[in-house]
Number of protein chains: 2
Amino acid sequence: MSVATLVGRSSTGNRILDVAEVLFAQRGYAGVGMREVADGVGLGKSSLFHHFKSKDELYSAVCVRILDTIGDRLVRSLARGGTPGVRLERCVGELVDVLAGHPSYARLLLRSMFEGDDLPDEGPESEAVHRSIEGITGPVEALLTDGMDAGEFRRASASHVVLLLVGLVVFPFASGEFGEELLGADVFEGAQVERLKSESLNLVREGLRARV
Amino acid sequence: MSVATLVGRSSTGNRILDVAEVLFAQRGYAGVGMREVADGVGLGKSSLFHHFKSKDELYSAVCVRILDTIGDRLVRSLARGGTPGVRLERCVGELVDVLAGHPSYARLLLRSMFEGDDLPDEGPESEAVHRSIEGITGPVEALLTDGMDAGEFRRASASHVVLLLVGLVVFPFASGEFGEELLGADVFEGAQVERLKSESLNLVREGLRARV
DNA sequence: GTCTATAATAGGATAGAC
DNA sequence: GTCTATCCTATTATAGAC
């Protein structure tokens, strides 16, 4: 179904999503007007409403596309097997690579969590977002539990650790100027990405290892 | 100077800040209108412009007040002495307490980092925010470096680790519905806060400990 | 310090021609 | 599928009475 989501849209629809993704990531749901999106695509404002019947629907479509892209890669990465420790590290590395390769992703992901108050909680779009999220957090939480049961990870609350890990991995790539000033370099530069990846992996590896 | 910021405003000014803080945290800069703030305070819209000459200025004032409140507590906490490990853990615990005690803080902090594109980079307000941030990250980064030099923490890039720590500690309290569904409970509930605090402390302690 | 009134602009969304 | 024109509402901000 996630594959259908990725290919089941016209080329104009995808161009709209491309433009909207960048804008929503930069300025958030309320900060972006349909006119600005239309200008970016090279269309009149009204034409957008032919492809997406409301701003809400456009925003949700952007979120679902990102979540499915990330979800597909993570699930594939997890399926490649290995011990829980190996799989977790591969998974964190993969997530860093996706976020580093798509500068809009981290911001839009975090923003979408904050803007839940601004958007309808019900409706089919919201449920699609929901399913996509659970398709990611579910397997990761299960992986942590497996690692604890196997004695590879120390005992901890898997769900709380997942929450911490999301912040740990995603936030740096959403931190913008804050991160840039802290590091003295663009967060998306190759060297910074590798540094962030290795520091994240070290923190996760050592932080979750069972004491000997 | 941060003390002056905290007391150097009329009671009406502070009431406006209280209302604006909650609204900006919920819906972001662009998502909140001056009218909504005015209604919340019980004033006419125009009266707000007597206290803050623009929406930008109001938003910056909200950010600076939060940053100074957090900064004051962190700096005080750090000044209480101890080994780097002890001080870092006290610092993380204190930060968790502040964020848990003020549900608007984490969201507004993260949002303010994303909305840098939406607001002027120059000007006195932006510089005040800047100073407040450096007053927090500077001491923490120095603490990490001290711990590494003392052989208590493993070698790592202090600045990159600070970025990870901010995400790790701040994000959960900004995660809203996402965190709520993941944990199956309100993130700000006493038991959840304690769980998040202890899991954060464990991850930081084990994750930064020098190998023996 | 707070108010009413107003300016000037932009917002989301729809109707209907082509 | 895209366009122009339009509707209605909301936006930030200012002017000036009280």
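Proteins get letters first, then strands, A, B, ... in listed order; numbering begins at 1 in each.
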Practice prompt. For B:V41, report the nucleic acid contact type (base, sugar-phosphate, nothing); a contact means any heavy atom under 4.0 Å.
Written response: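 Since no nucleic acid heavy atom lies under 4.0 Å of B:V41, the category is nothing.
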Using a 4.0 Å heavy-atom cut-off, does B:V37 contact any base of the nucleic acid, only the sugar-phosphate backbone, or nothing at all?
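Since no nucleic acid heavy atom lies under 4.0 Å of B:V37, the category is nothing.
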Using whole Å, what does the distance between atom [atom2] of nucleotide [N] and atom [atom1] of [X] come to?
X     : N      : atom1 : atom2 : value
A:H51 : C:dA13 : NE2   : C1'   : 16 Å
B:F52 : C:dT2  : CZ    : P     : 12 Å
A:L48 : C:dT14 : CG    : C1'   : 14 Å
A:L23 : C:dG11 : CG    : P     : 12 Å
B:E36 : C:dG11 : CD    : P     : 18 Å
A:M34 : D:dT2  : CE    : C1'   : 15 Å
B:R35 : D:dT11 : CZ    : P     : 7 Å
B:R27 : D:dA10 : CZ    : C1'   : 14 Å

The complete set of ring-ring contact (aromatic ring centres under 6.0 Å, His included) pairs with one or both residues in residues 174-193 of chain A, sequence neighbours excluded, reads A:F173-A:F188
- Message: OP1 or OP2 of D:dC3 versus the side-chain N and O atoms of A:S47: is any pair under 4.0 Å?
- Response: yes
* Asked: Looking at B:H50, does any N or O in its side chain come under 4.0 Å of the phosphate oxygens OP1/OP2 on C:dC3?
  -> no
How would you list, by chain and number, every residue that makes a ring-ring contact (aromatic ring centres under 6.0 Å, His included) with [X], sequence neighbours excluded?
X      : answer
B:H51  : none
B:Y59  : B:F24, B:Y29
A:F153 : none
B:F49  : none

*Could you verify whether a donor N or O on one side chain and an acceptor N or O on the other, from A:H102 and A:E21, lie under 3.5 Å apart?*
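There is no such pair between these side chains.
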Residues passing the side-chain hydrogen bond (donor to acceptor under 3.5 Å, both in side chains) test with B:D146, sequence neighbours excluded, are none
Q. Can you name the side chain to side chain contact (heavy atoms under 4.5 Å, CB included) partners of B:F52, sequence neighbours left out?
A.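 Side chain to side chain contact (heavy atoms under 4.5 Å, CB included) check on B:F52 returns B:R9, B:I16, B:L17, B:E57, B:L58, B:A61.
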* Asked: Within the side chain of B:R87, is there an N or O that forms a donor-acceptor pair under 3.5 Å with the backbone of B:R80?
  -> no
In numerical order, the residues of residues 55-63 of chain B whose heavy atoms come under 4.0 Å of DNA chain C are none
Heteroatom pairs (N/O) under 3.5 angstrom, protein to nucleotides 14-18 of chain D:
residue, atom, partner, partner atom, Å
D:dT14, O4, B:S46, OG, 2.8

